[in-house]
There are 2 protein chains.
Amino acid sequence: MAQEFHALNERAQLLLKTLVERYIADGQPVGSRALSKYSGLDLSPASIRNVMADLEDMGFIASPHTSAGRIPTPRGYRFFVDTLLTVKPLDRIEINQLEGQLQINNTQKLVASASHLLSDLTRFAGVVVTPRRSSGFRHIEFLKLAEKRILLILVTAEGDVQNRIIQTDKTYTPSELVEAANILNQNYAGCSFDEIRRRVHAELKQVQEHMSQLMAAALAAGDQAVSESAEDVVISGEVNLLGIDDLSSNMTKLRDLFNLFEHRSTLLQLLDHSSRAQGVQIFIGGEAGLQPLDECSVVTAPYEVDGKIVGTVGVIGPTRMAYERVIPIVDITAKLLSSALTLR
Amino acid sequence: MAQEFHALNERAQLLLKTLVERYIADGQPVGSRALSKYSGLDLSPASIRNVMADLEDMGFIASPHTSAGRIPTPRGYRFFVDTLLTVKPLDRIEINQLEGQLQINNTQKLVASASHLLSDLTRFAGVVVTPRRSSGFRHIEFLKLAEKRILLILVTAEGDVQNRIIQTDKTYTPSELVEAANILNQNYAGCSFDEIRRRVHAELKQVQEHMSQLMAAALAAGDQAVSESAEDVVISGEVNLLGIDDLSSNMTKLRDLFNLFEHRSTLLQLLDHSSRAQGVQIFIGGEAGLQPLDECSVVTAPYEVDGKIVGTVGVIGPTRMAYERVIPIVDITAKLLSSALTLR
DNA sequence: GGCCAGCACTCATCGGGGGCGAGCGCCAAT
DNA sequence: ATTGGCGCTCGCCCCCGATGAGTGCTGGCC
């Protein structure tokens, strides 16, 4: 009818934009009167009602009940962020401030502080998927803790340190441990553990029996250490979401949401999606396919090391969030994290 | 009057006990009728009302409003747990099951799994204060990551591994790094960093300039690593508290509570209190002096290594919790943790 | 054809009032 | 000392009517 081809003319777009903005700002359904006041257009509420009716027909807005104003539907939000939204990038000064907040002691702390950064700045929940790591190692070392208890220290190719305790059948002397470490360090540094396993079998047939036992234990532990620390997601600032009345009105939903946070693997799947594409991605409401998130949006951006995407940062907050603020924050955080990781 | 000297005769105690038990069981104020039915005594509601009035006078119970039953006051709970409560210890089989749940890869994981254990078993929040560690080291190592970026690996006396990256002014050769590490390992293993600092100054005046720079950096980093990892509190299962209606009715209180969880230092102070005494300790309501906890109880027990208390485990839940279940769980967890740590 | 003032209509929200029921305190009787 | 009985107090729930925000529609104007 009025809006042919389901296309929005300029006026309708402007009205939708101000409607979404106003709703995001104060959380109340916005009516025709408010819209006529704030749109900048010189239209009476009555005319605006016509446009609103069209927008409702097209599924961009809806009214929670008969005599309330309209609120954006997920589709309305989608259109808003895709074509209506104007983000103002952060300025240099702010960026520099942020950069100072990132701890670069080691990867764990770096990731944790990035997550905190996100949650502090947005006052929502911050999430960071820990960087994928190569399976090789840079340095390995055995340290005798007690009889038959050996501490394995493993420095990954990325310069992170893993450690675990190995229970052995036999007792090893310190020098045997050093020797074993030397063999591994000199011949196999940089290789994956699978590869090492194959080559040790092939090349070191002559190695003493008890030595190869130690090797096997080390390799198994190494495998496990690598696989355990595979990919994880670090969340912080969940508390912030308790204050959001959009979410905390439904106690059960809120609990579902927090349960989701404990379910790392599900979250991981969602966030990994985002690491396929470049740049900031936004999941609105149930778009992610997870019920607990149906009143939430997830804003994500991948981060990279040496040009390769290795993980994802993101923010989880209510669908009614200030996207124009959150988007640049997530964007910048991803970039800062990238450069902090590339540095090492 | 009836109850002289503020002492409770047997009947009053029995009634108080069943009242608390019933209230804990179903969360409703319990009235005289219910009490007459469940106490086992053959008394009419009217007689019971007399006793209840006395109990109220003495501050053990109170009614939330005129025509509701009575609920225990903090003082009532206190008396209940101190003298009325009968805990049934867990049996061997259960303990063995629990023991299997504790990961003993390394201290961090051990502590984390203890915390999970507590929250899973009680369905409340589990807390563990990480073990105090001596400030000495067992082994130290430098690894060159890049020009002027050195990875410091530090094995504590307890066999835990700390690591951090040192930015240096000068470039060091791998052999210089090995040499530096050797000096430290051979001469100073087991000493505190303060002590090392003094002795290095005194004994190694002749050490080359750039070498002592490296030493200083290492010592500073070591100090920092030790102090950073000083004492921390690991919380898990906060989500469980969302389901407790005693707590989640007051949204603001709930938020305060969760904010407290983020405020590690405050929690630490509370939990450290507990590590003064032996055995299980219980803080009821505001006894800890923290408003956010006024509807909560904290059940704690210290754990030890070689007979010395090094930390605390605990459970935070609503005051209306099944103490007879929680207490042995906390107790056992502390003991399991003690032995798991002593093992290493 | 676009715009708009006016009007009837809907419906969530809020405050007040009445019935209900749980539980208590008191008292007189045993 | 114990107990049945009685009156009383409140919290809870439901109903109701007033209020007000916001809509859809209509008819007239440019």
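Quick note on labels: first sequence line is chain A, next is B, and so on, each numbered from 1. Values in this document were obtained by computation on a predicted structure and should not be read as measured data.
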**Message:** Can you give me the closest heavy-atom contact between A:Leu15 and A:Ile48, atom names plus distance?
**Reply:** CD2-CD1, 4.2 Å
**Asked** Which atom pair, heavy atoms only, marks the closest approach of B:Thr86 to B:Lys17?
**Response** OG1-NZ, 4.2 Å
If I take atom [atom1] in residue [X] and atom [atom2] in nucleotide [N], what distance separates them, rounded to the nearest angstrom?
X       : N      : atom1 : atom2 : answer
B:Glu10 : D:dA1  : CD    : P     : 18 Å
A:Leu55 : D:dG24 : CG    : P     : 11 Å
A:Leu19 : D:dT23 : CG    : C1'   : 14 Å
B:Asp54 : D:dT2  : CG    : P     : 12 Å

**Asked** Under the side-chain contact (heavy atoms from CB on, under 4.5 Å) test, which residues partner A:Asn50, sequence neighbours left out?
**Response** none
**Message:** Going by the rule side-chain contact (heavy atoms from CB on, under 4.5 Å), which residues pair with B:Thr300 if we only count those two or more places apart in sequence or in a different chain?
**Reply:** B:Leu271, B:Ser274, B:Gln281, B:Phe283, B:Val298, B:Thr312
**Asked** Is any side-chain heavy atom of A:Ser119 closer than 4.5 Å to a side-chain heavy atom of A:Asn240?
**Response** yes
**Asked** What about B:Tyr77 and B:Phe80, are their ring centers closer than 6.0 Å?
**Response** no
**Item:** A:Leu16/A:Val20 under side-chain contact (heavy atoms from CB on, under 4.5 Å): CA gap, chis, key distance, verdict
**Value:** CA-CA 6 Å; A:Leu16 178 57; A:Val20 176; 4.0 Å; yes
**Message:** Heavy-atom nearest nucleotide on DNA chain D for B:Thr66 versus A:Glu56: which residue maps closer to 5'?
**Reply:** B:Thr66
**Message:** Checking contacts here: which listed nucleotide (D:dG24, D:dG11, D:dA1) is nearest the side-chain heavy atoms of B:His65?
**Reply:** D:dG11
**Request:** Specify the residues of residues 27-47 of chain A, ordered by number, for which at least one heavy atom lies under 4.0 angstrom from an atom of DNA chain C.
**Result:** A:Asp42, A:Leu43, A:Ser44, A:Ala46, A:Ser47
**Request:** Using a cut-off of strictly less than 4.0 Å, decide whether A:Arg70 has a side-chain nitrogen or oxygen near OP1 or OP2 of D:dG22.
**Result:** no
When you look at [atom1] of [X], are more than 12 heavy atoms from neighbouring residues, nucleotides or ligands closer to it than 6.0 Å?
X       : atom1 : answer
A:Asp42 : CG    : no
B:Glu94 : CD    : yes
B:Arg33 : CZ    : no

**Request:** Check every nucleotide of DNA chain C for an atom under 4.0 Å from a heavy-atom of chain A, then give the first and the last such nucleotide from 5' to 3'.
**Result:** C:dC3 to C:dA12
**Request:** Nearest-nucleotide wise, let me know which of B:Ser67 and B:Asn50 is further upstream toward the 5' end of DNA chain C.
**Result:** B:Ser67
**Prompt:** What is the bend of the helix from C:dG1-D:dC30 to C:dT30-D:dA1 when you compare the axis at one end with the axis at the other, using five pairs each and rounding to 10°?
**Reply:** 20°
Solution key, residues 314-328 of chain B side-chain donor-acceptor pairs under 3.5 Å, sequence neighbours excluded:
| from | atom 1 | to | atom 2 | distance (Å) |
| --- | --- | --- | --- | --- |
| B:Thr319 | OG1 | B:Glu295 | O | 3.1 |
| B:Thr319 | OG1 | B:Cys296 | N | 3.3 |
| B:Thr319 | OG1 | B:Cys296 | O | 3.3 |
| B:Arg320 | NE | B:Asp246 | OD2 | 3.0 |
| B:Arg320 | NH1 | B:Tyr23 | O | 3.4 |
| B:Arg320 | NH1 | B:Ile24 | O | 2.6 |
| B:Arg320 | NH2 | B:Asp246 | OD1 | 3.4 |
| B:Tyr323 | OH | B:Ser297 | OG | 2.7 |
| B:Tyr323 | OH | B:Thr319 | O | 2.6 |
| B:Arg325 | NH2 | B:Leu121 | O | 2.2 |

